[in-house]
Amino acid sequence: MRRQYPFHLIEPKWQQFWEKQQSFRAFNPGEEIPADHPFAHRHKISGKVTATQLPPKFYILDMFPYPSGAGLHVGHPEGYTATDILSRYRRAQGFNVLHPMGWDAFGLPAEQYAIKTGQHPRKTTEENIANFKRQIKSLGFSYDWSREVDTTDPKYFKWTQWIFLKLYNSWFNPETNKAEPIETLEYPTELVGRASSRADSKDGSSVASPRQDIEDKRRIYRHSRRLAYIAEAPVNWCEELGTVLANEEVIDGKSEVGGFPVVRKPMRQWMLRITAYAERLLNDLDGIDWSHSLKEMQRNWIGRSEGAIVEFEVEHSCQDCIIEVFTTRPDTLFGATYLVIAPDHWAVDAVTFNEQRPAVEAYQAFAAGKSDLERTELSKEKTGVFTGAYAINPVSGKRVPIWIADYVLASYGTGAIMAVPAHDTRDFEFAKKFNLPIVQVVQPPDSKIDWQGFTDDGTSVNSTGPEISIAGLPTPEAKKKITDWLESKGLGKKTINYKLRDWLFSRQRYWGEPFPIIWKRNANGNLFHEALPESALPLMPPELTDYKPAPGGEPPLARAKDWVNLPDGSIRETNTMPQWAGSCWYYLRYLDAQNPQSFVGNEAENYWLGARSSTQAKPASPGLSKAEWQQKFDELYEYATRNLGNEKRFIHFNTVSEEEAAFLETKTGFKLTGFRRMVDHYALRHIDVEHGGESERNRGLLPVTRDDLAMIPEIIATADDVRYSGKNRHGLDVILYIKRLNGTVFYFEEIRRANDLLAANTLYKKPATGSDATEAASSDTSETHRRTKENITSETLKNKTAVTTPGVDLYVGGTEHAVLHLLYARFWHKVLFDLGYVSTPEPFFKLVNQGLILGEDGQKMSKSRGNVVNPDDVMGEYGADAFRLYEMFMGPLEMVKPWNTNGVAGVYKFLGRVWRLFVDEKSETEFEQAEATAEMQRRGELLEKIHLSAAIKGIPASPSQLKTLHTCIKKVTEDLDGLRFNTAISAMMVFVNDAIAWETKPVSVLRDFLILLQPFAPHLAEELWEKLNIEHPTSNTEHRIDLAYASWPNFDAALLIENEIEIPIQVNGKLRDKLVILTNASQDELQAAALASEKVKSFVDGKEIKKIIVIPKKLVNIVVG
RNA sequence: GCCCACGUGGCGGAAUUGGCAGACGCGCUAGAUUCAGGUUCUAGUGAGUAACAUCGUACAGGUUCAAGUCCUGUCGUGGGCACCA
C-alpha cells in the first residue's frame, strides 16, 4: 500500500520530543514542577506545590506485563491503547494524570532458561525488559517512565519483603474484624502472667526450664495466629521440574511447562491467612465498579454458603465421639439416612469397627492414590465403604450408618456430611449404588415434580420427631426453626463456610523474593522461625551457578551453604515467594516510586488514592447535635415505615448559614440564606420504598438502608459536590448533593419550596466510578424520569465539576487475572489499610477487562496455528497511530474480536484523509522527492517542507461547520466517558468525511478537531498542530500550549439545535413518509402536517382514523382501522 | 451438571428512557484518474422487485399505537465453576 503520510518520520520525531521534555511526568505534592513544563503552563503553577494546589488526580493503570522472550503480542497494546487514550483525554480535561508502567519480572521462564543455559535469570530478564520497553515506547504511550517499577529490582522487592513482615507480624482480630499488630494478641489465661513469677533454671543447663517452656508455648500460640504462618499442606509437586507449581500452572494433572506429571504431596509451606478476609472481600465488591461477570467470578471463588453445623453422636465404638457435619439444608435433617466422612478425616480410625478395618484401610489407600484428575474425571461413579459404625440422628433419634467416601472432601466444612439422598444429587447417586434408604422430607411446590432428587425449596414433610417438628413449613422457615432448636439444645449452630482457602505462599524456586525469615532452635532442639529486622532488607538471594533444585527436593537456594548457614547457628528460609507477591502492591509503588524511606509516602498515597481529598471544601451550617438528630430520626423513621400515618411529620435539622449560602449560590445560583432544612416522613417512606429494595441493583444502584437515611445531615454537610439539577414534576427546583463514602456515591436531593424551606426529596446511591459527575446528570431514577429534560440547562451541565475517586480510577487488564491477582491484591491492600498504611479499603475502583484478540481465522492466536500478528510488523507498514486506532476501532474494549489486517488499512486511510485535510499536495510532492535522495539522518528535517493547504484560513466558522464540529465533540466526549472508543473513532471519521469537502477550512475548527484526535493518534495530531501554530500563529496562549496539554473543547448544545427537523410519519407503525418541519412545531401542527402528506393520504384514505400518536421532535404514528 | 454473558448484512460492528434497523469501517459492484497495477476520487451495496408492494435483528409466542430493545419458552455460541454438602 502506498504510504498515506510520512508517519515513519513523524512518529520518532514526537516520541523523542516527549521523552526529552518529559511531557508526561506526573507531579506529586511537594515535588518541583519546572516552570517550562507544559503542565506548569496549563495549570499556571510551578515550583513546589501542595496537594490542594495541584489539580484533581486521575490514576489510570495497566496490568503490568510479564516481559517474556517472545515480545509484545497484539493483545498487550489493546489495553495499553485504551488507557493511553483515557489518560490523554483526562489530561486535556485538566486532571493530574498518573499513568505508569512497569514489569512483573519474576517468573518461571527466566529460571527455566537459566537451568538450561546457565545464564543468570537477571540477564534474561533485563534483555526481555529492554525489548518490551522498546516496543511499548514505539507506540507513543504517555507513560511517566520516571515511575517505572521492576519487581526483581532489590529497591522494589525490599518493600515486598517488608510487606511480608507486616503480614508476619500481624494477626486478625475477629472482634474488630481487622488485622492488628501481633503485640495486641492476648495469650490465653494459662499462658498469662506466669512466666515472670518463675525463676530461670540456675544451673544453666540446656534442659528446658518452666519459663522457657511457657515462652515456647507463647511463641507457638502467636505463630498459630499470624497472617503469615507455616503449615503442612498438600502441594502440586513436579518431580521433573523439581518444584511445586501453583494450581494455575497445572493443566489436566500435568505441568504447563513441559507437560510433566504433577503429584499432590504434603510439604511444609508458608501460608497467608486470606480466609480471615473472606467476608470483607465479598462484601466490599458491592462498592466497586467492576463488571458483573468479574464480581461473580470473585464471589464464586470465595464461595460463601450459609448453613449449620449439626452434631451426630456415634454409637458404641467410641462413647465420647461426636461427628460434626456441615449442611446448607438443616431442614432436611429428618431425611439424613447415613453419614459420610472423608477418607482422610481424623475420626475414621476411631469409629471404624474391626471387621470393617481392612476394607476401610484399603479404601483409604485407594483414595489417597488418586490424583486430582482421577478424582474429578471419575466422579460420575461414586465409591465408598461402610465403617461398621452408626450415629444417632439428633432430631429423629434413628440410627444412621457411617460411611467413608471420597466425594466428601476433608478440606471443606467439617470434612463430614449428613447424606440426604432424597434431596441431594450426589447423596442420591451414592444411596442408589449402595442401596441406602431414601426418605422424602421435602414436598416440591409443583406436585408433578418427582420428589426423588428434588433439591430446590419446597415444604417440609415427614419431619416430626419426639421433640421437634418442622412438617408443613416452607424451606426457609423450616431451616430457621430447626437451626434455632439445635442451638438451644447445644446440638448445632448456624455457620458460614467459604470455599476460599488460605493462600499457599512459598515456591521452591530461585527467581523470586527470598523470605526475610531465619530458623533457630529452642532448648529442646526444635526449630522455630523468626523474622529478620527491617534493617536487614532487602534480603538478596545468593549467587548461584546451578539453578536446579538442590538434592532431596530442597529449593535451589539450599545450594548456597554460605548464604543459608549464619554464624550464630541459625539458618535461612530457602523457599521464595510466588510471582503474585510483587504484583500485589505495584500500583502503590508507582505513587512514590523512588522513595527510599517508605514503600509509599503518606502525602503521595493520600493525594493519588484520593480518599481524604475533596476538591472543594464546603462550609457546613450548624444544626442538631448528632444525638438529637439520631433520636428524632429513629422516631420519624418508625412513623414513616411502620405506621403509615397520614399526619405530616418532619424534623427541622439545620438552617443555612450565610457562609454556606455563599457557597451554594456559586454552585446553584440560588440565594438560600436562612432556609430551613428538613426531612419529612413522606420523603423517608418514599426513599425506603423506591430505593430500599434489591431491585435497585437492576438499575445499577445499591439499595438504600436505614443507616444511609440516618446520614442525611452528614451527606449535606460534607458533600463533595452540589449542583442545581433542574425542576421536578411540580416545577420545584432540585438541588443535588453528591457524597462519596467508602466506595459508594450518595446522591441526595433537596427541593426548594416557596421561599423558606428545603425538603428532603430523595436519596439513592451507587458504586463509585470515575465519572459520577456525568452519570448523575442522566441517572436512571424515577425522579429523573419525571423531570422534564428542558429544565436541565446546558449551563448546569457545563458546570459539572470533577469528583475525585478514591483508589485507582481505571484499571484495565486481561480476564486471566480475574480471580487470583485481583483477589490477592485486594487482600494485601486491606491488610495495609487495617494497619494504617493506606487510606482506602479497596485498591481498584473501576476495572475493565479487555477482550481477547483472535487471529484472522477467528481462532485464538498461537504459534502452532501460524496466525500470530506481530505488532512490530503492523507498525512498520502502517505506523503506530494506525495500529492504535485499529486496536480501538475493532469493537468494544471488553469484547472478544478477530484481527483483520484490512481493517488496519481502513483506519490508516482515515489518517491519510486527515493528513490531506490539512496539507498542501504540492508541498508534499516536493517533500517526497527531496526525501528520496536525502541522507537517512536528515530526513526528519524535511518535514518542514510540508505546508498547510491554502484552504485553511483564519476565518470564522459557518453555522453548519460549527454544527459538524460540535456534533463530533459531543459524541467523542460522551463516548470516551463510557469507554466506547470504536464509536468515538467513527464520529471523527464522519467529521473528516464532511470537512474534507469544505472549500475553506477555519483554523479554529481544525484546532478543536486535533485536540479530539490527539488521544487516539497523538503523533499525527502533534505534527499537524505544530504546522497550524507556525502558519497560523495565534495570540491565545491556550492554543500555543503543547497539544498534549491543550484544553479539551466543550460542546455547545445550542449549536446542535436545528431550526427544522425531519420527522418520520408512520401509519400503523410502518414508515410511510418523512416530513421536514420546524423543530418547535406543536403537536397539532405536527399532526396536521402528517395528515396533509400525499403519501400518508394514500394509506389513510377510506379508513377510519382510530388514534394519532404525536411525539414532538420524534415521530407521528397514525393508527387506522 | 450449575452460574453468568451474548445471538443484528458477505465480515468487524452502530442504534438515549421502546420511536426512521444496519452509523463507521472492511469487502463487493460500476465509473473517473492511470500505459498498467496500486493509490485517490464519485456513485451504489440487508433480501426481494422493472418499480412499487412485501419480508427482514437466532427461533416460537406475548405486551404495546410502536419491540433489536420489555416479558415467557426453545435453540445456539462464548466464559466461569465443577462431588464445596
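Just so you know, these numbers use all the heavy atoms, side chains as well, and skip hydrogens, waters and symmetry mates.
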Watson-Crick or G-U counterpart of [N], or none if no pair lies under 3.5 Å:
N	result
B:rA21	none
B:rG1	B:rC81
B:rG27	B:rU45
B:rA14	none
B:rA58	B:rU74
B:rA32	B:rU40

For the [atom1] atoms, the ones on [N] and on [M], what distance do you get once it is rounded to whole angstrom?
N	M	atom1	value
B:rA14	B:rU69	C1'	14 Å
B:rG68	B:rG46	C1'	14 Å
B:rA21	B:rA67	C1'	11 Å
B:rG44	B:rC52	P	15 Å
B:rC65	B:rA15	P	28 Å
B:rG38	B:rC70	P	46 Å
B:rA58	B:rC11	P	13 Å
B:rC3	B:rU8	C1'	27 Å

Please tell me which of the listed nucleotides, [options], lies nearest to the side chain of [X]?
X	options	answer
A:Lys909	B:rC83, B:rG80, B:rC26	B:rC26
A:Lys499	B:rA85, B:rC55, B:rC81	B:rC81
A:Asn902	B:rA85, B:rC24, B:rG27	B:rG27
A:Pro892	B:rC65, B:rA14, B:rU40	B:rA14
A:Met989	B:rG25, B:rA14, B:rC4	B:rG25
A:Arg916	B:rC20, B:rU40, B:rG19	B:rU40
A:Asn300	B:rC26, B:rC81, B:rC83	B:rC81
A:Gln4	B:rU39, B:rC55, B:rU17	B:rU39
A:Ile1109	B:rA85, B:rG13, B:rG19	B:rG19
A:Asn900	B:rC26, B:rG80, B:rC20	B:rC26

In this structure, how many angstroms lie between the [atom2] atom of [N] and the [atom1] atom of [X], rounded?
X	N	atom1	atom2	value
A:Gln1087	B:rC65	CD	P	17 Å
A:Leu852	B:rG80	CG	P	10 Å
A:Glu894	B:rG80	CD	P	17 Å
A:Lys971	B:rU16	NZ	P	8 Å
A:His292	B:rG80	NE2	P	16 Å
A:Ile1077	B:rC20	CD1	P	17 Å
A:Glu429	B:rG1	CD	P	13 Å
A:Gln1066	B:rG19	CD	P	11 Å

On the ring face of A:Tyr407, is A:Lys382 found with NZ or CZ under 6.0 Å from the centre and within 45° of the axis? yes
So, is [X] close to the [N] phosphate, meaning a side-chain N or O under 4.0 Å from OP1 or OP2?
X	N	answer
A:Lys1074	B:rC20	no
A:Arg913	B:rU39	no
A:Ser291	B:rA5	no
A:Lys295	B:rC3	no
A:Tyr407	B:rA85	no
A:Asn993	B:rG25	yes
A:Lys860	B:rG79	yes
A:Asn982	B:rA14	yes

Contact class for [X] (heavy atom, under 4.0 Å): base, sugar-phosphate, or nothing?
X	answer
A:Ser305	sugar-phosphate
A:Val896	sugar-phosphate
A:Met895	sugar-phosphate

Comparing A:Phe326 and A:Gly891 on RNA chain B - which has the more 5′ nearest nucleotide: A:Gly891
Return whichever of A:Asn1068 or A:Val819 has its heavy-atom-nearest nucleotide of RNA chain B closer to the 5' end. A:Asn1068
Indicate the atoms forming the closest heavy-atom contact of A:Val441 with A:Gly335, along with that distance. CG1-N, 3.4 Å
Parallel, tilted or perpendicular: rings of [Y] and [X] (30°, 60°):
X	Y	value
A:Trp403	A:Phe434	tilted
A:Phe883	A:Trp899	tilted
A:His821	A:His817	perpendicular
A:Tyr908	A:Tyr5	tilted

For atom NZ of A:Lys1097, decide whether the heavy atoms of other residues, nucleotides or ligands shown that lie under 6.0 angstrom number more than 12. yes
If you count heavy atoms of other groups shown closer than 6.0 angstrom to NZ of A:Lys493, is the number above 12? no
Verify the ring-centre separation between A:Phe889 and A:Tyr886: is it less than 6.0 angstrom? no
Test log, rule salt bridge (charged side-chain N to carboxylate O under 4.0 Å, His left out), inputs A:Arg916 and A:Glu924: CA-CA 10 Å; A:Arg916 290 189 295 279; A:Glu924 194 187 3; over 6 Å; no
Where does B:rG9 fall, syn or anti, if syn means a chi angle no more than 90° from 0? syn
Classify the side chain of A:Lys1106 and the base of B:rC65 as holding, or not holding, a donor-acceptor pair under 3.5 Å. no
